[in-house]
Amino acid sequence: MNLGNLNQAQKEAVTSIDGPVLVVAGAGSGKTLVLTYRIAYLISQQIDASRILALTFTNKAANEMKERIRNLIGSKADYLTMGTFHSTFAKILRIEAPKISFTPSYSIYDTDDSLSLIKNILQDFDISENFINPRVVQSKISNAKNKMIKPIDYVNNFFGMNEDKVKIIYEEYQKRLLLSNAMDFDDLLLKPIELFENHNDVLKKYQNKFNYILVDEYQDTNTSQYYLLKLLSDGSKNICVVGDDAQSIYKWRGADIRNILDFTRDFSNAKLVRLEQNYRSTKSILGVAGSVIRRNANQIEKNLWTQNPVGEKVEIRECIDDRDEANYICKEITIRMISKKYSPKDFAILYRTNAQSRSFEESLIRGTIPYSIVGGVEFYKRKEVKDVLAYLRLLINPKDNESFLRIINFPSRGIGDISISHLKKVANDKNLSLFEAIDFIREYEGINDQIKKNFISFRDMIQKYKAVIEKFSLSEFVRSIIDEIGILKIFKEENTEDSLNRYENIIQLINAVQEFSKSNPHKTLVDFLNDVTLISEIDNWADKANSVTLMTLHSAKGLEFKNVFITGCEEGLLPLTRDSNTDDLEEERRLFYVGCTRAKESLCVSFARNRNRFGNLYPQTRSRFIDEIDDNFVEYGSTQLLKFSVKRKKIREIVSGEPKISHPHMPSYEDYSQENKILTIGSKVQHDVFGNGVVRQLSGFGDSMKAVVEFEEGFQKHLMLKFAKLKLL
DNA sequence: GCAATTTACTTTTTT
DNA sequence: AGTAAATTGC
């Protein structure tokens, strides 16, 4: 195997295959390269690919790495076990579920499901939500679970006013998850620990299987992840973790930076390799990033350097307000696209909170610059989508009470709160789930016959589909159950902008199922639901799309762009403060550092003197992080001094791609409608549901291509061309 | 039990 | 400002 293109430290990280290894990989130091080469190297040393376990932070990172490895070593890569902690252990749990009192078709509760379960418990315990905030309880429970604290040990570890109540709710919460044959995200890490600790044979099996373990983004692992790694690597001791303590940004999710700081102590005889040469950024960008991160007290000593040129100075831009900030960035992008031959995909606009995206969207639409947003309201968390998924979940897991409660009266079948509380009584008496309890409802006095019938016909409907699940293909099955529920009809008849949107989303869901079964022919409904729950927005982000990327600083971790804008650098926003809690300042600084180090060629740090929050304008002061930046690497700009030499018309011409001048960096977009004509900005189109309209904006390529269409009735819609089936007029 | 209207709350970041 | 929850009237 040729390792010639690696530097000395990288080579060492790749070839030190025996025993524990910690690779402290500075930003842009070739971390992914090292991981992929290390795996390829292991296989070249006659190690069976099926014996390698590689854990990543996102599914996207896993898929990309697998692809790169396949390019290096071919189809052997298919035998690797790669994925996020959550998805990898979710799969193991499907196999081993009976050993810990679950079934292989257990449900995974996302944070919304888990919150609604907590609300149900509060209600049943007669605790007012004004007295105890369910969200607070949820985060307390999750924090405890991330630290591997069981309900029994709860109060011993936390002291506070309602902690005794939280303990009782936590106990009940775990009890009900078990009764529902469901696990939350935290359980996907905790249950494997329980499994391994109580079943030594199972632990041995996986220790033997996974002789070589690799972990990416180790700085963001939590206590249970650490413990899982400890258990699994205990046989072979061959564990290699890669991370950068300066980029640890998930403390709020339970990540414990001590895992990486203490690695060499926890895993005896661990080798430490430092990757300190940065290949990504200019000296200016690195200078800015370094001068800020230096203020953090807790970190592994390292010296990040680069042979890259000094490059442009980093711009610090003072703006009047958030709209001005958005307009400035939009113009800057336009100018750079014209003068420096950048294309939309070379830009990223980063912000601390998702809510900040709106003003950028507005400006980019006006400037006819294609963009794509990562995050926000996720598709699979939308109400109508989750409702359909709840039907599917209940089908394969009849114990799933949360799914049952979601859909028992949606669409409306005359079953209200009173009827449900009757059923709850039956379920309690018989120690069954709500769905199972319907079988016994006839025996009960005091329940209206009509209501009994309503429940029973719901049960029969679900049973009917359960009986035929094998006879259909996955997408036919989902399609027919959606028809049975009749929600498409309901949304269409309601005929409001909102309901038509929901209609489109259901269509998109059907298409997603279709696509899933096409690319995974032997996977089942359980697999689909599993994937859908554990997928993140960044996993879906098509970086091949030629559009400006808008996302949070958190989502940007692990990515790189030629031009980066870090926006909203104001006290209270970045660093973000919720209360007077200054404890997380170092983490906010790391977040700023992560943002800076995404940039390859240019970086602009902006702040606004006034910012709209909750509809009101608030005066802002610039972030302390800006003041921490070494002046030698920056130039200052503000809106008052702004003058443009570029003519408006020319900007519009080039960016919209409309005129005859063909610009190499602005691709022409193909239409995915039946006619396959060229769709451009300004094209008149027809949509089945929304009627006629004009294309205002285009983004993305191929399957992920999107258009913003302004319809005649005066509203705008973001449409996936693949699904929307627009007709060109 | 349901739809329409009013009110409350949101903004941390995500598997 | 925009959405979800809560309340009201039918």
Side-chain angles (χ1 to χ4, degrees), chain A residues 55-62 83-90 108-112 114-116 119 129-130 133-135 139 142 145-146 183-190 217 220-222 224-225 248-255 322 350-359 362 374-378 380-383 408-420 448 450-451 454 494 496 498 530-539 551-557 568 572-579 581 584 587-588 590-592 594-595 611-618:
Chain A
L55 296 163
T56 58
F57 197 71
T58 63
N59 295 300
K60 182 171 170 283
T84 61
F85 274 90
H86 290 85
S87 67
T88 305
F89 287 105
I108 299 174
Y109 280 4
D110 68 15
T111 37
D112 291 345
S114 130
L115 185 65
S116 95
K119 283 179 179 169
E129 290 191 10
N130 298 325
N133 181 341
R135 280 165 191 279
S139 88
S142 181
K145 290 172 92 165
N146 282 324
M183 301 189 203
D184 66 11
F185 287 143
D186 303 321
D187 283 335
L188 295 179
L189 307 173
L190 285 174
E217 309 283 10
D220 283 321
T221 51
N222 64 24
S224 35
Q225 287 166 327
S248 168
I249 53 174
Y250 282 92
K251 184 183 173 188
W252 51 274
R253 208 172 80 184
D322 42 330
L350 308 180
Y351 37 76
R352 179 66 237 262
T353 65
N354 278 309
Q356 284 164 256
S357 70
R358 181 156 256 112
S359 48
E362 284 166 8
V374 178
V377 191
E378 291 174 41
Y380 288 108
K381 287 197 174 136
R382 283 171 200 200
K383 209 167 111 221
I408 182 60
N409 203 31
F410 178 84
S412 148
R413 15 180 107 75
I415 297 173
D417 288 348
I418 313 253
S419 312
I420 290 168
N448 183 309
Q450 184 54 48
I451 288 165
N454 291 345
E494 206 179 310
T496 62
D498 182 65
N530 188 78
D531 280 19
V532 145
T533 316
L534 296 179
I535 211 152
S536 74
E537 278 287 313
I538 194 79
D539 297 328
M551 63 176 138
T552 62
L553 288 158
H554 282 89
S555 298
K557 189 173 80 162
L573 190 58
L574 182 62
L576 188 79
T577 45
R578 42 179 205 280
D579 302 316
N581 192 349
D584 294 329
E587 176 139 324
E588 295 290 319
R590 290 193 291 267
L591 199 49
F592 183 81
V594 166
R611 183 167 294 275
N612 275 300
R613 276 180 122 177
F614 309 114
N616 291 326
L617 202 64
Y618 294 97

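Remark: C1' of B:dT11 and CD of A:E588 are 12 Å apart, rounded to the nearest angstrom. Rounded to a whole Å, the CD atom of A:E217 is 14 Å from the P atom of B:dT14. Note: CZ (A:R352) to P (B:dT11) measures 12 Å, nearest angstrom. The interatomic distance linking A:F57 (CZ) with B:dT13 (C1') rounds to 10 Å, in whole Å. The NZ atom of A:K251 sits 14 Å away from the C1' atom of B:dT13 (whole-angstrom rounding). As rounded to whole Å, 13 Å separates atom C1' of B:dT11 from atom OH of A:Y351. Atom-to-atom, NE2 of A:H554 to P of B:dT14 comes out at 7 Å; the value is rounded to the nearest Å. Per the geometry, NZ belonging to A:K383 stands 13 Å off P belonging to C:dT3, to the nearest Å.
At least one donor-acceptor pair under 3.5 Å links the side chain of A:N146 to the backbone N or O of A:R253.
A donor and an acceptor atom never sit less than 3.5 Å apart when one is taken from the side chain of A:W252 and the other from the base of B:dT12.
Distance from the side chain of A:T84 is smallest to B:dT15 among B:dT13, B:dG1, B:dT15. Closest contact between the side chain of A:R613 and the listed nucleotides B:dT13, B:dT11, B:dG1 involves B:dT11. Looking at the side chain of A:T552, the nearest of the listed nucleotides C:dG2, B:dT11, B:dT14 is B:dT14. Comparing B:dG1, B:dT14, B:dT12 by their nearest atom to the side chain of A:T353 picks out B:dT12. For A:K119, whose side chain is taken as the heavy atoms from C-beta onward, the closest listed nucleotide among C:dG2, C:dA5, B:dT12 is C:dA5.
Looking at heavy-atom distances under 4.0 Å, A:F85 makes no contact with the nucleic acid at all. Within the nucleic acid shown, A:D186 has no heavy atom closer than 4.0 Å to any nucleic acid atom. Across all strands, A:L591 comes closer than 4.0 Å to no nucleic acid atom at all (heavy-atom distances). A:T111 comes within contact range of at least one nucleobase, with a heavy-atom separation under 4.0 Å.
Considering every non-hydrogen atom in both A:I420 and A:I415, the closest pair reads CG1-CG2, 3.9 Å. Scanning all heavy atoms of the two residues, the minimum distance from A:G568 to A:L574 falls at O-CB, 3.7 Å.
Between A:N354 and B:dT13 there is a side-chain N or O to OP1 or OP2 distance below 4.0 Å. Contact between the side-chain N/O atoms of A:S87 and the OP1/OP2 oxygens of B:dT15 is not found at any separation under 4.0 Å.
We find that A:D110 and A:K381 are not joined by a salt bridge, their nearest charged nitrogen and carboxylate oxygen being 4.0 Å or further apart.
Map A:R135 and A:S555 each onto its nearest nucleotide of DNA chain B; the residue landing nearer the 5' end is A:R135.
Residue A:Q356 is tested with A:D322, A:L573, A:N612 for a side chain to side chain contact (heavy atoms under 4.5 Å, CB included); the sole match is A:L573. The side chain to side chain contact (heavy atoms under 4.5 Å, CB included) test with A:L189 is passed by exactly one of A:M183, A:K145, A:Q225: A:Q225.
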